[in-house]
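As C-alpha cells, the structure follows; a few thoughts come after it.
So you know, we letter chains A, B, ... as the sequences are listed, proteins then strands, and number each from 1.
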Amino acid sequence: MSAHPTLLEPSFFNRDPRKVARALLGKLLVRKAARGILAGRIVETEAYLGENDDAAHAVAGKTARNFVVFGPPGFAYVYFVYGNHYCLNVSCLPDGIAGCVLFRALEPVAGIEEMAEARGFEIHGPDDLRRVSWLRQIASGPGRLCEALGITRERDNAKNLASSRSDLRIMEDGYRVRQVAVTPRVGISKSAAHPLRYLIAGNPFVTGSKIPSPHVQGAGD
DNA sequence: TTATAGATTGCCT
DNA sequence: GGCAATCTATAAT
C-alpha cells in the first residue's frame, strides 16, 4: 500500500495554488528531528492567490515578512499571528509570482508521542494513542501543527521543502485520497466567499469542533 | 454542546 | 494604533 516515501519535485509547486492545495492532500509533512522522525498526513489546506487575492498577505506587495511568497516554488513561508501562533505555507508559482498554500491540519503519522509532548499534552496511557478524539488535538489547526512539529519563523522560514538537505520536507508515499471537499477559507474577512479550502472528505483530523461522520451522504438531519 | 472573549506579538497604515 | 490566515478557557444552554 504505502510505498517508501519520496520527496516531491520542486515542479510540483510550480503551478496555481489551487492545484497545489488540492494535490497536497494525502501527502506527508515530515520533520527530521534529532530524536527521530515527526510526520503528519496533510488533510486540510487553503490556497492563497497572488496580489489579486484580498485575503492573501501578498496583496500588500512584497515585504520583509512575506517575500518568500514571491520567490521560487516549494519554499516555506512561516508567519506569526495573533501574538501566539505560527502558520506554515508553501510558496507556489515561478519566482516573481506570488502564491502559496496554507497547511491547516495534519493526521499524526509518526513521532506521535513527541508531537503530543511538543503541544504540552500528557500521555496518560497507551489508549490515548488510539483515541481519535485525543489524536486530533495534536495537529488539527494551522497553529497546532506548527507547534507539534516545532515550526517557527526563526527556524524554518524560507526553507526549501522540496530538498533532501532540509529537515522539513513534503513527501509522497502513494496514499490515495478518495474524495476532496471544498469550502470557503477560515478566519478571514476579505474575499471570504471563495471556495479555496480543501479537505479530505470524511477525514476526522480536519479542523472543526465536530468529527465528521464517515458517511457524507444523506444530509437529511 | 455551542458561543464568546482574552491572550499577546509584530506587521502595516 | 489597529488588527491579524488562532487557540483556549470559561460561560451559557
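Contact annotation: A:Arg104 reaches the phosphate of C:dT6 (side-chain N/O to OP1 or OP2, under 4.0 Å).
In this structure, CG of A:Asp54 is placed 14 Å from C1' of C:dA5, rounded to the nearest angstrom. When rounded to the nearest whole Å, the span between CD1 of A:Ile138 and C1' of C:dT6 equals 18 Å. Atom C1' of nucleotide C:dT6 and atom CG of A:Leu106 are separated by 15 Å, given to the nearest angstrom. For the pair A:Ile188 CD1 and C:dT6 C1', the interatomic distance rounds to 14 Å; values are reported in whole Å. Between A:Leu88 atom CG and C:dT6 atom P the separation is 14 Å, expressed in whole Å. The CZ atom of A:Arg185 sits 11 Å away from the P atom of C:dT6 (whole-angstrom rounding).
For DNA chain B, runs of at least 3 consecutive pairs of the Watson-Crick or G-U wobble type, with both hydrogen-bonding distances under 3.5 angstrom, map to B:1-7 with C:6-12, B:9-12 with C:1-4.
The shortest heavy-atom contact between A:Ala118 and A:Ala148 is CB-O, 3.7 Å. Across all their heavy atoms, A:Leu7 and A:Ala162 have their closest contact at CD2-O, 3.4 Å. Smallest separation of non-hydrogen atoms from A:Ala105 and A:Phe205: CB-O, 3.4 Å.
Checked against ring pair (Phe, Tyr, Trp, His ring centres under 6.0 Å), A:Tyr79 has the following partners two or more places apart in sequence or in another chain: A:His57, A:Tyr77.
A donor-acceptor contact shorter than 3.5 Å is absent between the side chain of A:Asp127 and the backbone of A:Gly125. Put simply, the side chain of A:Thr45 never gets that close to the backbone of A:Leu102: no donor and acceptor are under 3.5 Å apart. Listed for the A:Ser166 side chain is no donor-acceptor partner under 3.5 Å among the backbone atoms of A:Arg169. Under the 3.5 Å distance criterion, the side-chain polar atoms of A:Arg15 are left unmatched by any main-chain donor or acceptor of A:Cys92. In this structure, A:Arg31 contributes its side chain and A:Gly150 its backbone to a donor-acceptor pair below 3.5 Å. At distances below 3.5 Å, not a single donor-acceptor pair connects side-chain atoms of A:Ser140 with backbone N or O atoms of A:Thr207. A donor-acceptor contact shorter than 3.5 Å links the side chain of A:Arg185 to the backbone of A:Ala47.
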Using a cut-off of 4.0 Å between protein heavy atoms and nucleotide atoms, how would you tag nucleotides 8-13 of chain C 5' to 3' with B, S and -? S-----
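Comparing C:dA5 with B:dA3, their P atoms are spaced 22 Å from each other, to the whole Å.
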N/O to N/O distances under 3.5 Å, protein versus nucleotides 10-12 of chain B:
from	atom 1	to	atom 2	distance (Å)
B:dC12	OP1	A:Thr63	OG1	2.5

Sub-3.5 Å pairs of nitrogen or oxygen atoms, protein against nucleotides 4-7 of chain B:
from	atom 1	to	atom 2	distance (Å)
B:dA7	N3	A:Asn84	ND2	2.9

All N/O donor-acceptor pairs, side-chain side in residues 186-193 of chain A, below 3.5 Å, sequence neighbours left out:
none

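If A:Lys190 and A:Leu145 are placed on DNA chain C by their nearest nucleotide, the residue sitting closer to the 5' end is A:Lys190.
Using a 4.5 Å cut-off on side-chain heavy atoms (C-beta onward), A:Phe13 and A:Ile170 make contact.
The side chain to side chain donor-acceptor pair (under 3.5 Å) test with A:Asp173 is passed by exactly one of A:His4, A:Lys27, A:Arg41: A:Arg41.
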